[in-house]
Amino acid sequence: MFSDEDVRKIAILDLRLINCDRNEGNILVKKEKGKCKLIPIDHGLILPSVFEACTYDLIWMDWEHVEQPWTEEELEYLSKINPKEDVLKLTKYFKFRDVCLRNFRIA
């Protein structure tokens with residue numbers, strides 16, 4: 001029904017931003033050219049000051065899509081993540097508490 005890549009893109013986004021609220025109500029499904037496209041919404045609980053995510057907070061954790069082999073493109077993207085540079089970019093445009101930025105670097 002959904003592509004493995006769509007699910008893993010949401011997983012990467014949620015893990016990267018420490019999204020603690022990706023439940024079934026926070027993913028839209030759009031039918032596009034006969035296929036279902038996933039669209040993540042509601043990012044109100046990202047970059048928390050504590051790590052308290054549960055499996056029910058990240059609905060995709062139980063989906064078989066995340067257990068499938070990752071593509072070269074996904075692995076390349078992950079290998080290029082630079083948390084220190086990303087923190088600098090974030091602080092240039094937004095104000096976050098230091099503890100939230102620390103958690104972002106760790107994640």
Side-chain angles (χ1 to χ4, degrees):
M1 179 178 221
F2 311 123
S3 77
D4 294 343
E5 289 182 12
D6 270 2
V7 173
R8 289 194 302 264
K9 283 180 184 178
I10 292 173
I12 291 169
L13 174 69
D14 288 347
L15 293 172
R16 194 69 185 104
L17 297 178
I18 319 169
N19 186 354
C20 297
D21 189 30
R22 180 67 66 215
N23 57 57
E24 62 276 352
N26 291 337
I27 299 177
L28 297 179
V29 179
K30 178 182 179 185
K31 198 162 192 177
E32 192 174 87
K33 298 180 182 178
K35 295 183 180 181
C36 292
K37 183 90 174 144
L38 297 178
I39 303 168
I41 62 169
D42 188 358
H43 301 80
L45 295 178
I46 63 168
L47 299 176
S49 58
V50 294
F51 288 109
E52 290 185 10
C54 299
T55 55
Y56 58 81
D57 293 324
L58 299 170
I59 191 71
W60 49 259
M61 286 184 81
D62 293 327
W63 294 358
E64 63 186 40
H65 305 75
V66 294
E67 296 177 13
Q68 301 304 313
W70 291 65
T71 67
E72 287 298 320
E73 182 180 316
E74 292 165 336
L75 295 172
E76 183 179 343
Y77 172 81
L78 291 169
S79 72
K80 291 181 179 180
I81 291 175
N82 185 326
K84 290 181 181 180
E85 282 183 18
D86 290 345
V87 165
L88 291 174
K89 290 175 189 174
L90 281 173
T91 56
K92 183 176 179 179
Y93 299 103
F94 306 102
K95 291 188 180 215
F96 288 101
R97 291 178 292 159
D98 288 340
V99 67
C100 298
L101 294 171
R102 181 207 63 199
N103 291 343
F104 178 74
R105 283 191 308 270
I106 293 169

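Because only heavy atoms are used, hydrogens play no part in the values below, and waters and symmetry mates are left out as well, while side chains stay in.
- Distance CG/D86 to CZ/F104: 4.5 Å, rounded to 0.5 Å.
- Residues forming a salt bridge (charged side-chain N to carboxylate O under 4.0 Å, His left out) with R97 (at least two apart in sequence, or on another chain): none.
- Smallest separation of non-hydrogen atoms from H65 and F2: NE2-O, 3.0 Å.
- Residue L13 holds its CG atom at 10.5 Å from CZ of R16, rounded to the nearest 0.5 Å.
- In this structure, the side chain of N19 does not engage the main chain of I46 through any donor-acceptor pair within 3.5 Å.
- For the atom pair CZ of R105 and CG of N103, the computed distance is 9.0 Å after rounding to the nearest 0.5 Å.
- Contact detail for K80 and E76: the closest heavy-atom pair is NZ-OE2, 2.9 Å.
- Remark: the backbone N or O of I106 is not paired with any side-chain donor or acceptor of R102 at under 3.5 angstrom.
- Counting non-hydrogen atoms of neighbouring residues, nucleotides and ligands closer than 6.0 angstrom, the CG atom of N82 exceeds 12 such neighbours.
- The line from CD1 of I12 to CH2 of W60 is 9.5 Å long, rounded to the nearest 0.5 Å.
- Under a hydrophobic clustering in which Ile, Leu, Val, Met, Phe, Trp and Tyr are joined whenever their side-chain heavy atoms come within less than 4.5 Å, directly or via other members, Y93 and L88 fall into different clusters.
- Note: the hydrophobic cluster containing L17 also contains F94 (ILVMFWY, side chain heavy atoms under 4.5 Å, direct or indirect links).
- Contact check on K9 versus E5 returns no salt bridge, with no Lys/Arg side-chain nitrogen under 4.0 Å from an Asp/Glu carboxylate oxygen.
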List the steps and the verdict of side chain to side chain contact (heavy atoms under 4.5 Å, CB included) for R22 and I27.
CA-CA 7 Å; R22 180 67 66 215; I27 299 177; 3.5 Å; yes

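- Considering NZ of K95 and SG of C100, their distance stands at 14.5 Å, rounded to 0.5 Å.
- Cation-pi geometry between R8 and W70 is met: under 6.0 angstrom from the ring centre, within 45 degrees of the axis.
- Under a hydrophobic clustering in which Ile, Leu, Val, Met, Phe, Trp and Tyr are joined whenever their side-chain heavy atoms come within less than 4.5 Å, directly or via other members, V66 and L15 fall into the same cluster.
- Between C20 and P48 the shortest heavy-atom distance is SG-CG, 3.8 Å.
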Using atom types as modelled, flag every donor-acceptor pair under 3.5 Å from a side chain in residues 28-37 to any protein atom, sequence neighbours excluded.
unit_1 : atom_1 : unit_2 : atom_2 : d
K37    : NZ     : D6     : OD1    : 3.2

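- D42 places no side-chain N or O within donor-acceptor distance of the main-chain N or O of D21, the cut-off being under 3.5 Å.
- Put simply, the side chain of V7 does not reach to within 4.5 Å of the side chain of I10, judged on heavy atoms.
- The CG atom of L58 sits 11.0 Å away from the CD1 atom of I18 when rounded to the nearest 0.5 Å.
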